[in-house]
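Worksheet: one structure, shown below.
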Amino acid sequence: MITKSFRMTAVAALLCGVSAVAVAAVAAGTYEGAAQGKLSTVKAAVTLNQDGRITDVKLDVSGETPELGGAAAKKMAPAIVEHQSTAVDGMSGATVSSEAIRKAVAAAIEKAGADPKKYDVKVAKTVGADENLTADIVVVGAGASGTAAAVTAAEAGAKVIVLEKGPAVGGAGKLASGLFAVESSMQKAKYKNNPELLSQLTKDQLFKQLMDYNHYLSSASITRRVIDESSSTVDWMNKHGAKLELIDWNPQQGQNPYPIRWRIYHRYVDNAGAFKNMYDAFGKLGGKLLLQTRAYDLTQDKDGNVTAVIAEKADGGKLTIKTSAVILASGGYGADQSLLPPKMKSFLFYGVDGETGDGLKMGEAIGAATINMDLVKQYPQGVETRPHHGLAATASSTDTMKKSGAIYVNRDGKRFVDENAGLGVLTDKTIEQPGSIAYIVMDDAAWKQYVAKSLEDKLVPSAESLNEWTKIVNNGHPVMAVSKSLEDAAKQMGIDPKGLEATVKHWNDMVKAGSDKDFSRRLTGGLAEGGTWRIVEQKVRYQTTLGGLKADGAMRILKKDGSAIPGLYGAGCVVGGANGADSMTAMMNSWAIVSGVVAAESAASYAK
């Protein structure tokens with residue numbers, strides 16, 4: 001039941017002037033429908049009169065991101081009533097939430113006894129007027145890299161316009177909780193009484209580890225530039241209100257032997273607040289931000305200099321911005337399967353729907369070279385809440401392993417790894433298992449930890465949302481099985497029940513003996529029988545693409561012959577080659593921000 005406590009979008013529209021729709025008579029009333037959204041179940045309460053006309057739509061999108069799903073609901077609810085159609089435009093950047101709204105409304109219409117197909121009618125669009133603007137620098141994208149680039153360029157005195165196709169700033173940067181920086185003033189102050197530790201936390205040490213970690217497939221010059229600029233970038237971010245802190249605990253136990261991999265982690269005190277403060281600073285510097293404005297083309301003069309950006313405005317009109325320099329910072333291409341290597345089709349995308357390679361395509365269209373297009377950053381512990389898309393449940397699983405006796409098993413019911421290993425190891429080991437899938441097996445105590453961490457990190461809006469996982473079925477098996485019987489839970493998930501029962505007994509025997517002789521895991525308890533068993537799938541997930549346009553150390557975009565395209569720069573995941581075959585924890589957000597700063601410095605110098 002949709003109640004007043006939910007975040008709802010309600011519209012009661014006048015029926016004059018609405019589109020004509022061939023509908024059948026129904027019993028007048030309010031009917032409810034639901035569909036799986038990006039993060040939660042989207043619910044709709046649709047009121048129809050006896051003629052089958054929609055008179056009111058209420059949407060519960062309380063579990064979706066307010067800036068995306070919430071914005072989509074506010075836009076679509078009145079449009080559905082006005083046009084008597086579920087085929088109204090959704091919100092750019094909120095594709096999944098928008099589609100869930102359409103499906104939820106259609107489900108409500110069907111419950112009323114009407115045919116949803118008769119409401120799936122094309123809506124005529126009114127296109128706005130064309131517009132022309134000028135700027136010194138145009139930044140395409142308002143995520144982490146675009147934000148850093150915009151503020152830096154504005155500080156340099158440039159007239160800057162930022163184009164963001166979504167309804168809000170942040171992009172994939174809002175998925176990050178921090179960034180790395182080495183030899184920062186914060187680090188030196190915090191560890192001033194520990195010279196031995198500080199001697200390990202150096203730029204040279206990090207460069208060696210990063211090159212080894214990404215298998216020497218990254219650009220050495222770019223990697224070095226990012227490391228060298230990281231400390232000053234942290235100070236610069238703090239100056240503009242993006243508050244950061246150094247944490248005293250390691251969020252990933254497998255990194256304990258490598259202090260540089262977590263001691264350099266500067267965490268946001270408030271991620272959303274960081275973006276707000278940065279754009280407040282940008283506005284004070286005279287910068288202009290245009291939301292729901294999708295850049296799609298670049299123009300050049302006869303000498304190959306980039307001279308303008310072409311974009312589509314929110315009203316569909318064409319926007320042309322004449323400029324001296326363009327910084328492509330529109331993110332990666334993880335949401336466009338046609339650009340990904342074939343193996344990724346079996347893994348889960350958990351990123352932002354707007355990551356469709358826009359900047360990549362714009363650069364390639366004018367002759368930019370690409371690099372490492374077959375490389376994608378992968379993580380473990382994904383939960384498939386809708387086909388090919390999932391939630392990043394890593395923190396929930398990792399915290400549960402550290403505080404309980406939960407275990408990972410494969411389809412044979414066998415353990416295959418130290419559950420507290422680093423994310424890279426867990427990813428590789430999961431891929432090696434039958435079907436490239438693992439499962440976390442939990443007793444009541446472990447489940448309590450899993451729920452607590454999921455709510456703390458806002459993985460889901462409520463504990464009830466986790467229970468909804470039992471209703472989501474992928475390839476014949478639910479995302480989660482709940483049962484008093486371990487055998488029954490295993491069968492539901494497609495796990496060999498005898499194999500799992502033997503593994504649990506063996507695990508509990510080792511816990512009683514005080515040693516994990518199989519994988520040397522630090523023991524934190526066994527699995528208690530007699531309660532309720534819960535098993536949750538653990539699939540490989542991805543969001544960050546490691547390939548992209550080729551750039552030099554100044555973030556100038558290069559052509560296939562190695563020369564720079566005059567006036568074109570890149571930052572963040574638009575640029576490939578910075579992280580080789582893999583990226584260290586927090587490296588991608590660091591790369592996005594630092595590369596944005598460097599690109600803006602270069603572009604501002606060029607535009608003068």
Side-chain angles (χ1 to χ4, degrees), residues 135-141 143-160 162 179 181 203 206-207 210-211 214 217-234 236-237 298 300 303-307 309 323-331 359-360 362-364 366-372 546-580 587-608:
D136 297 324
I137 297 173
V138 175
V139 179
V140 179
S145 58
T147 300
V151 177
T152 301
E155 276 187 317
K159 179 183 177 183
V160 184
V162 177
L179 68 153
K203 294 176 180 178
L206 181 59
F207 178 74
L210 276 178
M211 293 301 292
N214 58 40
L217 290 174
S218 65
S219 164
S221 63
I222 291 179
T223 300
R224 187 77 221 195
R225 183 75 184 267
V226 171
I227 291 170
D228 288 345
E229 298 276 351
S230 65
S231 56
S232 60
T233 298
V234 161
W236 174 80
M237 291 180 69
L298 300 167
Q300 296 171 283
D303 297 318
N305 301 295
V306 172
T307 57
V309 177
T323 184
S324 298
V326 175
I327 301 173
L328 298 175
S330 54
L360 170 72
M362 290 166 67
E364 282 192 290
I366 62 170
T370 60
I371 184 173
N372 292 352
L546 300 173
L549 300 178
K550 201 167 187 178
D552 61 13
M555 297 298 113
R556 299 183 302 171
I557 299 301
L558 305 177
K559 293 186 283 190
K560 294 176 182 178
D561 63 5
S563 63
I565 298 175
L568 186 61
Y569 302 82
C573 286
V574 166
V575 175
N579 295 282
M587 176 60 186
M588 293 308 300
N589 197 42
S590 306
W591 156 244
I593 294 168
V594 176
S595 63
V597 170
V598 174
E601 291 172 344
S602 301
S605 177
Y606 174 84
K608 285 182 179 178

Could you go step by step and tell me if T323 and K159 meet the side-chain contact (heavy atoms from CB on, under 4.5 Å) rule? CA-CA 10 Å; T323 184; K159 179 183 177 183; over 6 Å; no
Report yes if some heavy atom in the side chain of W591 is under 4.5 Å from a heavy atom in the side chain of S145; otherwise report no. no
Polar side-chain atom of T223 near backbone of A220 as donor-acceptor pair, under 3.5 Å: no
Quick one: CD1 on I227 to CE on M211, what's the gap to the nearest 0.5 Å? 9.0 Å
With distance as the sole test, does R556 use its side chain to make a donor-acceptor pair with the main-chain N or O of A564 at under 3.5 Å? no
Between CD on residue E229 and CD1 on residue I593, distance to nearest 0.5 Å: 13.5 Å
Heavy atoms only: give me the nearest A551-I222 pair and the separation to one decimal. O-CD1, 3.6 Å
Under 3.5 Å: donor-acceptor pair, side chain of S602, backbone of A554: yes
Of all the heavy-atom pairs spanning A154 and V160, show the shortest one and how long it is. N-CG2, 3.7 Å
In this structure, are over 12 heavy atoms from other groups packed under 6.0 Å from K203 atom NZ? yes
So do L546 and M588 actually touch side chain to side chain, heavy atoms under 4.5 Å? yes
List the steps, then state whether side-chain contact (heavy atoms from CB on, under 4.5 Å) holds for V575 with I557. CA-CA 8 Å; V575 175; I557 299 301; 4.2 Å; yes
Side-chain heavy atoms of L360 within contact of V574, under 4.5 Å: no
Just verifying a value: how many Å separate L328 CG and M555 CE, rounded to the nearest 0.5 Å? 13.0 Å
For S595 and A592, work out which heavy atoms get closest and say how close. OG-O, 3.1 Å
Is the backbone N or O of G359 less than 3.5 Å from a side-chain atom of S330, with the two atoms forming a donor-acceptor pair by type? yes
On a heavy-atom basis, which atom in G577 and which in N372 lie closest, and how many Å separate them? CA-ND2, 3.7 Å
Heavy atoms only: give me the nearest N589-A144 pair and the separation to one decimal. OD1-CB, 3.6 Å
Nearest 0.5 Å, what's the CD1-CG distance between I371 and L549? 11.0 Å
Test side-chain contact (heavy atoms from CB on, under 4.5 Å) applied to I366 and V306, step by step: CA-CA 9 Å; I366 62 170; V306 172; 4.1 Å; yes
For T307, check side-chain contact (heavy atoms from CB on, under 4.5 Å) against everything at least two apart and list the hits. T299, D301
Applying side-chain contact (heavy atoms from CB on, under 4.5 Å), run through Y569 and I137 and close with a yes or a no. CA-CA 10 Å; Y569 302 82; I137 297 173; over 6 Å; no
Minimum heavy-atom distance between A604 and A156, given as atom pair plus value: CB-CB, 3.7 Å
Between S590 and L179 (side chain of the first, backbone of the second, donor and acceptor by atom type, cut-off under 3.5 Å), is there such a pair? no
